[in-house]
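Some notes on the structure that comes next.
Small disclaimer: the values here were computed from a predicted structure and weren't measured. As the structure lists them, so they are numbered: ligands from 1, and atoms in each ligand from 1.
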Amino acid sequence: MFENLTNKFEEVFSSLKKAPSLDENQVDEGLRGIRQALLEADVSLEVAKDFIEKVKPKALGQEIIRSTSPGDMVVKIVYDELVNLLGEKNNDVNLNAVPPVPMMLVGLQGSGKTTTTAKLARYLENTKKKKVMMVSLDIYRPAAQEQLKSLGEQNNILTLPIIEGQQPSDICQRAISAANLNGADIILFDTAGRTQIDLQMMSEIKQIENTIKPAETFLVADSLTGQVAASVAKEFNNTVNLSGIILTRADGDARGGAAVSMKFVSQVPIKFLGIGEKIENLEVFHPDRIANRILGMGDIVSLVEKVHNLQQE
Ligand SMILES: Nc1nc2c(ncn2[C@@H]2O[C@H](COP(=O)(O)OP(=O)(O)O)[C@@H](O)[C@H]2O)c(=O)[nH]1
Ligand SMILES: [Mg+2]
C-alpha cells in the first residue's frame, strides 16, 4: 500500500535533504511536490490544500530555515501533520457495554462486509479473548446468509442459525437471546449493502441501529475507490453514527488516497485495514505507523530524535 505516494515523497525529500540550506522558494517547490503527490494518490483537492496550508507556515519558520539540518526538520513537520491527518491515535474497539455487546458493519455491496465480519470476529476472539456470535441481516442477496454461515463453520466462529424469510428486526431480537443463551460476549451484525447509497438501505440500517444500539458501527469501505470511499463514509455518517472505518483491499491499493482522506472528509477515524482475503488479513490502523510507511523512512524515530536534539542546541 502507498507505494506511489512513498516514491513521490522520497523524491521530494531527497532534494530537500540534499540542500545545505533552504530558502522560501525551495520549500515552496517541495510543498508543490507534496501536493502533487497527494493529488496523484487520489486525495481530494480540499484535503491536499488544507495539508499544505498547515505545513507551510511551520516549514517556513525561521528556526527551520536557519537550522543546520532544514530538510530533516521539514520531513518531521510533514510527518507530524500526516499523523494528525490520519487520525492521531488508534481508538481501540469499544467493548464498554453490557454483553452481549452489539456491533454492526455497514457499507456498499461488495465492499467486504461479510468477509470483514469474520475477520473482526477472529480478531476479537484472538486478541480480546471474547466469544463472538456473527449474524447476517442480509436477507436480499441469495446466499448472503449462507456465506457468513460457512465462514463461521470454516473458522469455528459461532453464527446465528438461519430462519428463511425472517426480517432484520426479528433476526436482531432472536440474535440477542441466542447470544445470551450461548454466553457470547459480542454480537457482530453483518448488514445488507446496495451498489449505491439509497433511501431504503439507509432507513433499514437506521432501524437496525435503533433496535440493537451498537457499541460500534463500522463502515466497511473499499480502499480502491479512493476519494469515493471517503464521501460514502460521510454520507453514511449523516444517517447512522459511525464509530470507525474498516478500509478493505488495502493490499491492492498502491495509491492510498482513501486512507489519507478518510478522517478529514468523513470525520470518522479508520480503525482497521483489510489487507487480503484471508481471515487473518486484518490489521489495526495506527496513524503514526502508517505515516511512517507513507514517508518511506524506516527510521523516522531516529530522525525525530535528531530533530529534537537540534532544537535543544
Ligand atoms: N484483496 C482483498 N479482498 C478482499 C478484502 N476484503 C474483502 N475482499 C474480497 O471482496 C469480495 C467481496 O467481499 P464480501 O465480504 O462478500 O462483500 P460484501 O458484499 O460487502 O459483504 C470477496 O471476494 C472478498 O474476498 C481485502 O481486504 N483484500
Ligand atoms: Mg455480504
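The nearest pair of heavy atoms linking Gly71 to Leu22 is N-CD1, 4.1 Å. Between Gly257 and Ser261, the shortest heavy-atom contact is O-OG, 2.8 Å.
Residues Ile187 and Val101 have side chains not in contact (no heavy-atom distance under 4.5 Å, counting atoms from C-beta outward).
Protein residues with any heavy atom under 4.0 Å from ligand 1: Leu108, Gln109, Gly110, Ser111, Gly112, Lys113, Thr114, Thr115, Lys119, Arg141, Gln147, Thr248, Arg249, Asp251, Gly274, Ile275, Gly276, Glu277.
Residues forming a salt bridge (charged side-chain N to carboxylate O under 4.0 Å, His left out) with Lys54 (at least two apart in sequence, or on another chain): Asp50.
Enclosure of atom NZ in Lys149 is not indicated, since only 12 or fewer non-hydrogen atoms of other residues, nucleotides or ligands lie within 6.0 angstrom.
When distances to the Mg ion (ligand 2) are checked against a cut-off of 2.8 Å, Thr114 contributes an N, O or S atom below that limit.
Side-chain contact, Glu204 with Gln200: no donor N or O sits under 3.5 Å from an acceptor N or O.
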